[in-house]
Amino acid sequence: MLDIKLLRDDSQAIAQNLADRHARVYADLGPGDGPDWAARTVERLVALDRRYLDLLQRQDECRRAANETSAGMKAVGKLEKAAQAAARELLIEEGRRLRELEKQLAVETEAALQERDEVWSRVPNLTHPDTPRGARDEDHRELRRVGVPRDFAAEGFVPGDHLAVAEALDLVDFASGAKVAGQKFYYLKNEAVLLDLALQHYALGVARRHGFTLHVTPDLAREEILRGLGFNPRGESTQIYSIADSDLCLVGTAEITLGGMLADTILEEDQLPLLLAGVSHCFRTEAGSAGQESRGLYRVHQFTKVELFAFVSAEDDASELMHAKLLAIEEEIFQGLGIPYRVIDIASGDLGGPAYRKFDLEAWMPGRGAYGEITSTSNCTDYQARRLKIRYRPLAPDGSKQKPRHVHMLNGTAVACSRALVAIFENYQQADGSVVVPERLQPVVGMERIRRR
RNA sequence: GGAGGAGUGGCCGAGCGGUCUAAGGCAGCGGACUUGAAAUCCGUCGUGGGGGUGACUCCACCGAGGGUUCGAAUCCCUCCUCCUCCGCCA
């Protein structure tokens, strides 16, 4: 959630940002509803906020009067005995009346606030000035390509897609997954299990070397935490599974459990930057996705992921530097695995609500002859921290403590095992159907090559 | 799962219907003393929001949400979390 003061001080900037992001806030008013849709959206927001402030002022005034009444009760004892009963009766009557009025106003104020925040929380974060503007695929900016895709033609064979490779080696079982849990669930088998664990072990090792504290996190979290991080657990297009008869959801990423860890806390500035890494299972409904792009392990309902998370100071460009660091770690991991990839600066129209800027790593996937997303890192600045109430006490140059500020929060994928497996199976497949194990993983997997049994 | 107990400012902790404008301590900050530091002493010090150009002022917050009352940190209800004991269990 953004600071509401932004709306009060510079509503024009909010409108411009909505336009840049093609961000729909109201169901009946969004991109495509005329050239001034963003300005009209902001007008509605301003009116909602104005209404809330007016009510708040009336409520405060009413409370002040009620407080005066009960304070007046103390003076009654000093009056003459004969006058006390009447004075008391008057105050009780007045207090009761104000209390009734206050109760009514409180309900209206609360409703107005909720209505405003419900809408305000759908307004996305501001956007980094360097983020390419646009909402089409070609609006993303490719920053660089690293590694050279293998020349399968020169090797004399046509690469298969990861599913064909894995099934031939008896590494995955989607049929049993479908029977037991439904489509897009799967079992990893044999060496794939070892590879899956080796990837986690490898990524955690890299994270630890970079100063991240390692965690295995809960796989469930409260809705309140999800909302704080900018996820919407309810609604027809939600990606989130929720647990019946409870306020719990299956997490779609450890970003939720790592980011939520520090909800409602005030940190000291010298605790920053705070670097956390976490392994969790990730569950996604993947509502409305299908097709070649989501074949096999590429898009599934459950996978394991090592996530990086950083809490940093809001001063200067601390979060931008950390964003670059997270991206560098992701690159280090995939370079270590020997997988060619490219780095994408995601365009404004494709950013998730909380993201100020986002970089994706896309691995080369020979099976489909295209790059496919394997990691993502977002700088969410203070957007998540505001709702989660995660703050720190900045130190002034003279060493004195200042008012708490919201931290900046960033997340990034170290390794999403299912997608990494896709990349490994496709890039490391051999003409004889075997798959070479990336050198880095060989010590943990315990073999150099996965062969047909 | 059952029975008890507890949640108060950054931290510890007193308060258990109006004197709370929440004691006291620790940490922090400013100052005195000191060549410097430590120790000691003095002062200062919660969070969020509204209004005002401003000195300032008003409102809310004692785990969360309801309730009783003219008035709630304090009494009642529900929930959450933690602790102790019992049961069950990988």
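Side chains included, hydrogens not; waters and symmetry mates left out as well; all remaining heavy atoms used.
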Looking for any heavy atom pair under 4.0 Å, which part of the strands does [X] touch: base, sugar-phosphate only, or nothing?
X        : answer
A:Lys389 : nothing
A:Arg391 : sugar-phosphate
A:Arg222 : sugar-phosphate
A:Leu53  : sugar-phosphate

Nucleotide forming a Watson-Crick or wobble pair with [N], both distances under 3.5 Å:
N      : result
B:rC70 : B:rG18
B:rU81 : B:rA6
B:rG87 : none
B:rC41 : B:rG31
B:rA60 : B:rU47

Quick one: which of [options] gets closest to the side chain of [X]?
X        : options                : result
A:Arg63  : B:rC59, B:rG49, B:rG71 : B:rC59
A:Arg393 : B:rU47, B:rA60, B:rG49 : B:rU47
A:Pro404 : B:rA72, B:rU47, B:rG49 : B:rU47
A:Ser70  : B:rG49, B:rG18, B:rG51 : B:rG18
A:Leu56  : B:rC58, B:rG50, B:rG10 : B:rG50
A:Arg64  : B:rG50, B:rC59, B:rU68 : B:rC59

Using only heavy-atom distances, decide whether a donor-acceptor pair under 3.5 angstrom links the side-chain of A:Arg96 to the base of B:rU69.
no

Any [X] side-chain N or O less than 4.0 Å from OP1/OP2 of [N]:
X        : N      : value
A:Lys403 : B:rG48 : yes
A:Arg88  : B:rC70 : no
A:Asn67  : B:rC59 : yes

Identify whether the distance between the nearest side-chain nitrogen and carboxylate oxygen of A:Glu61 and A:Arg58 falls below 4.0 Å.
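Salt bridge absent between A:Glu61 and A:Arg58.
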
Taking 4.0 angstrom as the limit, do A:Glu307 and A:Lys305 come out as a salt bridge?
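Result for this pair is yes, salt bridge flagged.
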
Centroid-centroid under 6.0 Å between A:His301 and A:Phe283 rings:
no

Value in whole Å for how far the P atom of B:rG48 lies from CE of A:Met1:
14 Å

So among A:Lys189, A:Arg451, A:Arg452, which one has a salt bridge (charged side-chain N to carboxylate O under 4.0 Å, His left out) with A:Asp170?
A:Lys189

Counting neighbours of CZ on A:Arg440 that are heavy atoms of other residues, nucleotides or ligands and sit closer than 6.0 Å, is the number greater than 12?
no

